[in-house]
Amino acid sequence: MAENKSYFFCGIGGSGMLPLAMIVAARGGSVSGSDRSRDQGRTPGKFAWLESQGIAFYPQDGSGPKAGQILVASAAIEDSVPDIAAANALSLVRMTRADLNAALFNAAASAIGVGGTSGKSTVTGMIGWILESAGRKPTVMNGAVMRNFSGEDRPFASALVGDAATYVSEVDESDGSIALYQPDVAVITNISLDHKSLAELHQLFGDFAAKARVAVVNADDPESAPLLTSDNAVTFGFNEAATVRGSDFEALTDGCRFTVHVEGTAYKVNLRMPGRHNAANALAAIAAAHAAGTTVAQAVEALAGFAGLARRYEVLGQASGVTVIDDFAHNPDKVAATLAAVAELPGRALLFFQPHGYGPLRQMGKELAASFAQGMRPDDKLYVCDPVYFGGTVDRSIGSEALVADIVAGGADAVHLTTRAACGAAMLDEAKPGDRILILGARDDTLTEFGRDLLARL
């Protein structure tokens, strides 16, 4: 990556593309782009804000790419997409999002990479906030909006542009691009079934950890066990043997609290985020920030003010005694963690779930059904609509009806209604004071709007 070059981002509104585009633009690059969602009229506010930041937009019809630019696009996008065809005709250099992000990351003196099946965005945000609070001025590349850094002037703060010397980033195992990164500190939150087989995941995460000066590894996660004995490992968790050890976890109505023990000293931690899984995320962030040079006391103080991420158990509001919560849970591990957080407090849960694609349902539908069936309480109810589908040639033979059948067979109360609107109407009919409505799913920016609409109708 070089400053003052011109970049064309195909799919610039994506959760991984948008923050990268903002970092590149802030470092002097010229940025333009296109997005199918913009052409379809979805999330117009996001694209209007990007335009206000000096990003030039084009329809995704091939008119955008210009000679001499660098094309940034997903490795999976088809050559038949007009922008890709136009870029190929112009012989543009092409980089994936991960190629460009890894180039920025690997150039940093202190590079902290956060990998794992679940919790990456939260841990990345926590580390970024700790380092920022400690005066380090990090650059942070995240896949979710970090509420501490967002405001009216920065409503889509999934990136924090700081010094080039300190770079904190999520790294993705789903496409194998984690192999591109050369971390100083490597964090592995956990390892569980998601996009790849466990054998592939063990290889990818093992290689990633081995490259780092310090590998921060989850001592509570059975699948991470092979990494715990590495010479560079620092471990975190509630396990008695963890280097950064948590104890005395307590669920609160507005978050949680626990104690962290490091090198013989105990510190009280208060979090504004609920769930034991978020306490574990905080332990990972403390371990990583400490490995990067901050004190544990600085980390604990910063975490007390960490406001969390958009769509990570985000309370949208309360009306008629019903609380509406927006959450990113979409794979078996994330669903289990969210349901565990729900179960820590009284009150029935009305759950809405939109699967994030037909492919993921084929890959992990059985495991996803088991997470719902095992995590839901007897009075909880689940409403599932059809999966996200924005076009393309994906096999749609296995859909939400198969998922719901498995959940019902597992003993939980679930129903498949084809549309999101039908699910919403059913939940509003069912909702009573004291209930919590949870909106679960990924890959669709309009899920938050759906949750806010339900809140308004309550």
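- The distance from the SG atom of Cys423 to the CD1 atom of Ile437 is 11.5 Å, given to the nearest 0.5 Å.
- Shown are Arg420, Arg42, His356; of these, the side-chain hydrogen bond (donor to acceptor under 3.5 Å, both in side chains) with Asp444 is made only by Arg420.
- Taking 4.5 Å as the limit, some side-chain heavy atom of Met141 sits within range of a side-chain heavy atom of Ile23.
- Between Met364 and Glu367, some side-chain heavy-atom pair lies under the 4.5 Å cut-off.
- In summary, Asp379 and Arg348 do not engage in a salt bridge, as defined by a charged side-chain N under 4.0 Å from a carboxylate O.
- Between Lys366 and Asp406 there is a salt bridge, with a side-chain nitrogen of the basic residue lying less than 4.0 Å from a carboxylate oxygen of the acidic one.
- Cation-pi geometry between Arg154 and Phe149 is not met: the NZ or CZ atom fails to fall both under 6.0 Å from the ring centre and inside 45° of the normal.
- Residues Met376 and Leu351 come closest through the heavy atom pair CG-CD1, 3.8 Å.
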| request: Assess whether side chain to side chain contact (heavy atoms under 4.5 Å, CB included) is satisfied between Leu201 and Leu198, documenting all intermediate values. | output: CA-CA 5 Å; Leu201 292 174; Leu198 284 172; 4.2 Å; yes

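- Asp326 and Thr448 form a side-chain donor-acceptor contact under 3.5 Å, judged by distance and modelled atom types alone.
- The distance from atom CG of Leu228 to atom CG of Asp221, rounded to the nearest 0.5 Å, is 8.5 Å.
- In this pair, Phe328 and His330 present their aromatic rings perpendicular. The plane angle is above 60°, beyond the 30 to 60° band.
- Ring-centre distance between Phe450 and Phe352: below the 6.0 Å cut-off.
- The heavy-atom pair separating Ala291 from Val214 by the smallest distance is CB-CG1, 3.9 Å.
- With values rounded to the nearest 0.5 angstrom, Ile178 atom CD1 is found 5.0 Å from Phe208 atom CZ.
- Between Asp413 and Lys381, the shortest heavy-atom contact is OD2-NZ, 2.8 Å.
- Here the side chains of Arg257 and Lys268 are not in contact, with every heavy-atom distance at 4.5 Å or above.
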